[in-house]
2 protein chains.
Amino acid sequence: MGMENQAVTSEQTSTAERILEAAEDLFAEKGYSATSLGEVADRVGIRSPSLYNHFKNKEALYQAVLERLLEDFSAPLAELEKGPVNKERVFEWLETIVRQHHANPNLARLLQHAALSGGPHTNELIDRLFSPMFQPGAVIEEGDISLLESTGLQPWAVMAFNNLVMSYVTMAPMYRDLLGQDPFSEEALEKQLNLIKTLLQAVFEYKGAPPGG
Amino acid sequence: MGMENQAVTSEQTSTAERILEAAEDLFAEKGYSATSLGEVADRVGIRSPSLYNHFKNKEALYQAVLERLLEDFSAPLAELEKGPVNKERVFEWLETIVRQHHANPNLARLLQHAALSGGPHTNELIDRLFSPMFQPGAVIEEGDISLLESTGLQPWAVMAFNNLVMSYVTMAPMYRDLLGQDPFSEEALEKQLNLIKTLLQAVFEYKGAPPGG
DNA sequence: GTGGCCAATGTGAATAATCGCGCATCCTGA
DNA sequence: TCAGGATGCGCGATTATTCACATTGGCCAC
């Protein structure tokens, strides 16, 4: 498999890698079926049949893109999955995924496309990304958020904060004008982090009952 | 087969309306370019060229779908835009949009598709849906959330709660298994409302400074 | 009523563009 | 020389769209 014959000087990105990058951006932007292999090839600077020298077909290319993204995201999160779950860990975990999605919004976008069209890609994604969060070991046992626990809202809260982070990435382009700044700038990241941490902190400190309807 | 014999008495759904409904579902699910007119026609039970008797072309059909959705959503929200903005109004407004998106998830899905592909549809959507929320008159002036106000986070908070509601709709299919119930059931709606109200309440009651990093 | 007209609405066939993909061939560097 | 990789060509399928045509229902003159 390893064909890296050390062309020592330059870390030349291979054609396969450039294909992956182009395809990742396009799949994330337009979704699977609306992305044409011709457009991918154009971005790489080759003709579309050349893609088949590196990937079996369109579906395989998509899978490879997905695999690469999942690997990048799984690594930092895997560290957090060890050890007890307490407030500090939750803050760390949240900050990590915020920064991850900010650094590369494509996974969130791919995920959103999959969720919308509910295709066969969906199931694999939820298994790989979200199942760990909902495992029994991931329950916060302290009394701080007994409210959420007693009302059975905790998994919903996990899902909510996740959606909060991911939807920032997938919807941010629409807010570019409204917020008056680039949603992916460094300042925007800080503000986003600030808001989410504030929200989480508010949840932790909140002791009252949910407002009745 | 026979067409509608009864002309006036029964409000038989016209062909154009059935086309709109089918197209709405498909555009919401697959997005604009991945939706084929043949599939729309199939759902209505006609051949695709017949669509052109009711809509100029695919783009016009999309615009008509969008117009109908925006009308449905604008009406209930217009009522809330009158009068002073205080905590109670915010709760009402939030509950209204949650129920609206729950009753018809298609607008949120269309919006998400538009945001992802950043096409020409995006700008019109943000103008029609979100601009009102960010107008100067929509600022809460009470001291309750002075924290958000002083840190300039208020528009971000508005955006966050909006994303929270919309992403529930666009991502919920992925959580069907994880949450163990239909995300669009009546109980799920109540839980979703409960969680969001709890979050909002927590924000209102939260007085502390955001956790420093 | 009846015959004829017209507008609305459906249809099949045809077109041009685009798509994923296979294949034979050619180029190039080791 | 040889293999990996890029290419041109082309097939079959799908797409949006057009057009000539068939069928219908309502309406008016008689």
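Naming convention: chains lettered A, B, ... in sequence-line order (proteins, then strands); numbering from 1 in each chain. Computation of the quantities below employed the complete heavy-atom set of this structure, encompassing side-chain atoms and omitting hydrogens, waters and symmetry-equivalent molecules. Every value quoted in this text rests on a predicted model; they were computed, and no experiment measured them.
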Any chance the rings of B/Tyr168 and B/His101 have centres within less than 6.0 Å? no
Whole Å only: how far is the [atom1] atom of [X] from the [atom2] atom of [N]?
| X | N | atom1 | atom2 | result |
| --- | --- | --- | --- | --- |
| A/Glu39 | C/dA17 | CD | P | 18 Å |
| B/Ile19 | C/dG10 | CD1 | C1' | 11 Å |
| B/Leu61 | D/dT17 | CG | P | 10 Å |
| A/Glu59 | C/dC19 | CD | P | 18 Å |

Are the charged groups of [X] and [Y] less than 4.0 angstrom apart, N to O?
| X | Y | value |
| --- | --- | --- |
| B/Arg68 | B/Glu24 | yes |
| A/Glu39 | A/Lys30 | yes |
| B/Glu187 | B/Lys191 | no |

Side chains of B/Glu67 and B/Gln63: is there a donor and an acceptor less than 3.5 Å apart?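 There is no such pair (donor and acceptor under 3.5 Å, judged by atom type) between the side chains of B/Glu67 and B/Gln63.
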Whether the A/Asp25 and A/Asn106 side chains hold a donor-acceptor pair (N or O, under 3.5 Å, no angle test) is what I'd like checked. yes
Look at A/Thr15 and D/dG5 and indicate whether a side-chain polar atom (N or O) is within less than 4.0 Å of OP1 or OP2.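 False: A/Thr15 side-chain N/O out of range (4.0 Å or more) of D/dG5 OP1/OP2.
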Indicate the ring-plane relationship of A/Tyr32 and A/Phe27, choosing parallel, tilted or perpendicular according to the 30° and 60° boundaries. parallel
Contact residues, residues 44-57 of chain B to DNA chain C [heavy atom, < 4.0 Å]: B/Ile46, B/Arg47, B/Pro49, B/Ser50, B/Asn53, B/His54
Do any of residues 28-37 of chain A sit with a heavy atom less than 4.0 Å from DNA chain C, and if so which?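 Output list: A/Thr35, A/Ser36, A/Leu37.
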Tell me, please, whether A/Phe91 has A/Lys197 positioned over its six-membered ring: NZ or CZ under 6.0 Å from the ring centre and within 45 degrees of its axis?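 Ring-cation test returns no.
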